[in-house]
Amino acid sequence: MNKEFQFIETKVEDSIGFIALNRPKVLNAINRGMVSEIVEAMESYDRDEYIRVIVLSGKGRAFAAGADIDEMVDADPIGMELLNQFTDWDRLGAIKKPIIGAIHGFALGGGFELALCCDLLIAAEDAEFGFPEVNLGVMPGAGGTQRLTKLVGRSRALRWLMTGDRFSAKEALHYGVVCETIPTDLLMEETVRFAKNLATKPPLSLRLIKESVQKAVDSSTLEGMQFERKNFYLLFSSEDQKEGMTAFKEKRKPQFRGR
Ligand code: CAA
């Protein structure tokens with residue numbers, strides 16, 4: 001993607017599409033412009049057949065310290081309803097490719113909500129998560145109460161949401177919020193290694209695994225299993241299924257083409 005953005009930086013390398021939040025002076029506070037740019041970049045990566053995995057990170061000393069408080073301080077409910085800004089956030093939920101969040105420093109409020117829109121979170125050891133909105137007299141508004149509760153259960157979610165306390169990368173790993181923790185100076189190197197490995201996997205499998213896991217989160221077990229089964233059957237119409245299984249039988253490395 002050859003485009004200059006104002007609030008993010010993008011680059012493509014080895015079939016990985018990178019997006020870095022780029023307002024380091026305000027710890028990448030997320031304004032409306034940044035959300036639209038993230039959505040635009042993600043959707044463009046999602047359409048690009050060459051790209052297999054998306055990596056989201058933050059520049060400077062934080063991933064993101066929340067939604068931009070300067071934009072909200074004088075907000076009123078009707079104005080926010082008319083702005084309808086959360087439709088952009090909803091579009092992030094429709095991205096089909098795997099999104100890896102590489103999180104360092106603060107991931108707070110809207111920053112944590114943005115992280116929770118990723119499929120896999122890799123945290124630097126210095127990462128700190130939390131929903132401090134309660135201390136501002138508000139609450140999360142971009143899916144935080146829903147996504148966190150589904151991840152860690154009601155009791156732990158309420159503990160963090162009601163106190164606004166921050167928690168460490170180690171706790172995030174313990175409670176299943178992130179899937180890996182990495183020494184801070186190795187975060188991007190290890191995330192790229194992880195992303196490159198995912199990029200070798202058959203794209204259609206990744207896509208339908210992502211959809212099915214989301215379905216598990218959003219629906220009853222029975223409904224989710226029926227959905228999973230249909231996707232499982234569907235993969236048997238792909239060339240990559242034939243290639244993957246034939247390569248296994250022939251004891252060679254498969255060449256996946258996303259068909
Ligand atoms: N919005 C706007 N500006 C922010 C910001 C935010 N969420 N977070 C940090 N900044 C700005 C600070 O105002 C400061 O700017 P100046 O240099 O111009 O004063 C700059 O970033 C650096 O921040 P600090 O000097 O405060 O850095 P620190 O290391 O002392 O503290 C921090 C870091 C604890 C994260 C602190 O900045 C902080 O508490 N930030 C706010 C966190 C927060 O409440 N987030 C939730 C926002 S509401 C939300 O997200 C709603 C939603 O669900 C949609």
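Both counts, for ligands and for their atoms, begin at 1 and track the order of listing. Only heavy atoms go into these numbers, but all of them, side chains included; no hydrogens, no water, no symmetry mates.
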Can you check whether a protein heavy atom sits less than 4.0 angstrom from [atom]?
atom                    : result
atom 30 (O) of ligand 1 : no
atom 53 (O) of ligand 1 : yes
atom 14 (C) of ligand 1 : no

Identify the closest protein heavy atom to [atom]: which residue and atom is it, and at what distance?
atom                    : result
atom 20 (C) of ligand 1 : Lys25 O, 3.4 Å
atom 25 (O) of ligand 1 : Arg61 NH2, 4.5 Å
atom 7 (N) of ligand 1  : Ala67 O, 2.9 Å
atom 45 (N) of ligand 1 : Ala65 O, 3.0 Å

At less than 4.0 angstrom from any non-hydrogen atom of [X], what atoms of ligand 1 do you find?
X      : value
Glu133 : 48 (S), 49 (C), 50 (O), 51 (C), 52 (C), 53 (O)
Pro140 : 53 (O)
Arg166 : 34 (C)
Met72  : 48 (S)

ask   = Under 3.5 Å, is there a donor-acceptor pair between the side chain of Asn31 and the main chain of Glu71?
value = no
query = Would a distance-only check, ignoring hydrogens and angles, find a side-chain to backbone donor-acceptor pair under 3.5 Å from Glu113 to Gly143?
reply = yes
[X] and [Y]: which non-hydrogen atoms are nearest, and at how many Å?
X      : Y      : answer
Ala195 : Val55  : CB-CG2, 3.9 Å
Asp76  : Gly79  : OD1-N, 2.8 Å
Leu56  : Met42  : CD2-CE, 4.2 Å
Pro203 : Phe256 : CD-CB, 4.5 Å
Gln241 : Leu235 : CB-O, 3.2 Å

Which of the listed options, [options], holds the heavy atom that is closest to [atom]?
atom                    : options                      : answer
atom 50 (O) of ligand 1 : Gly143, Gly110, Gly144       : Gly110
atom 2 (C) of ligand 1  : Asn135, Asp68, Leu27         : Asp68
atom 32 (C) of ligand 1 : Phe112, Phe86, Phe106, Trp89 : Phe106
atom 44 (O) of ligand 1 : Val35, Val26, Leu136         : Leu136

ask   = Given that the side chain starts at C-beta and the backbone is N, CA, C, O, which of these parts of Glu113 lies under 4.0 Å from ligand 1, counting heavy atoms, or is it both or neither?
value = side chain
ask   = Is it the side chain, the backbone, both or neither of Pro132 that has a heavy atom closer than 4.0 Å to ligand 1?
value = side chain
Could an N or O of ligand 1 be found under 3.5 Å from any N or O of [X], whether backbone or side chain?
X      : answer
Ile69  : yes
Leu108 : no
Asp70  : no

Salt bridge present between [X] and [Y] (N-O < 4.0 angstrom):
X      : Y      : value
Asp88  : Arg32  : no
Lys196 : Asp14  : yes
Glu190 : Arg193 : yes
Arg159 : Asp165 : yes

request  = Determine the sole option in Arg257, Arg252, Arg259 for which the salt bridge (charged side-chain N to carboxylate O under 4.0 Å, His left out) test with Glu243 is passed.
outcome  = Arg252
Aromatic ring pairing Phe167/Phe112, orientation class (parallel under 30°, perpendicular over 60°, tilted between) = perpendicular
key: Any Glu71 heavy atom less than 4.0 Å from ligand 1   = no
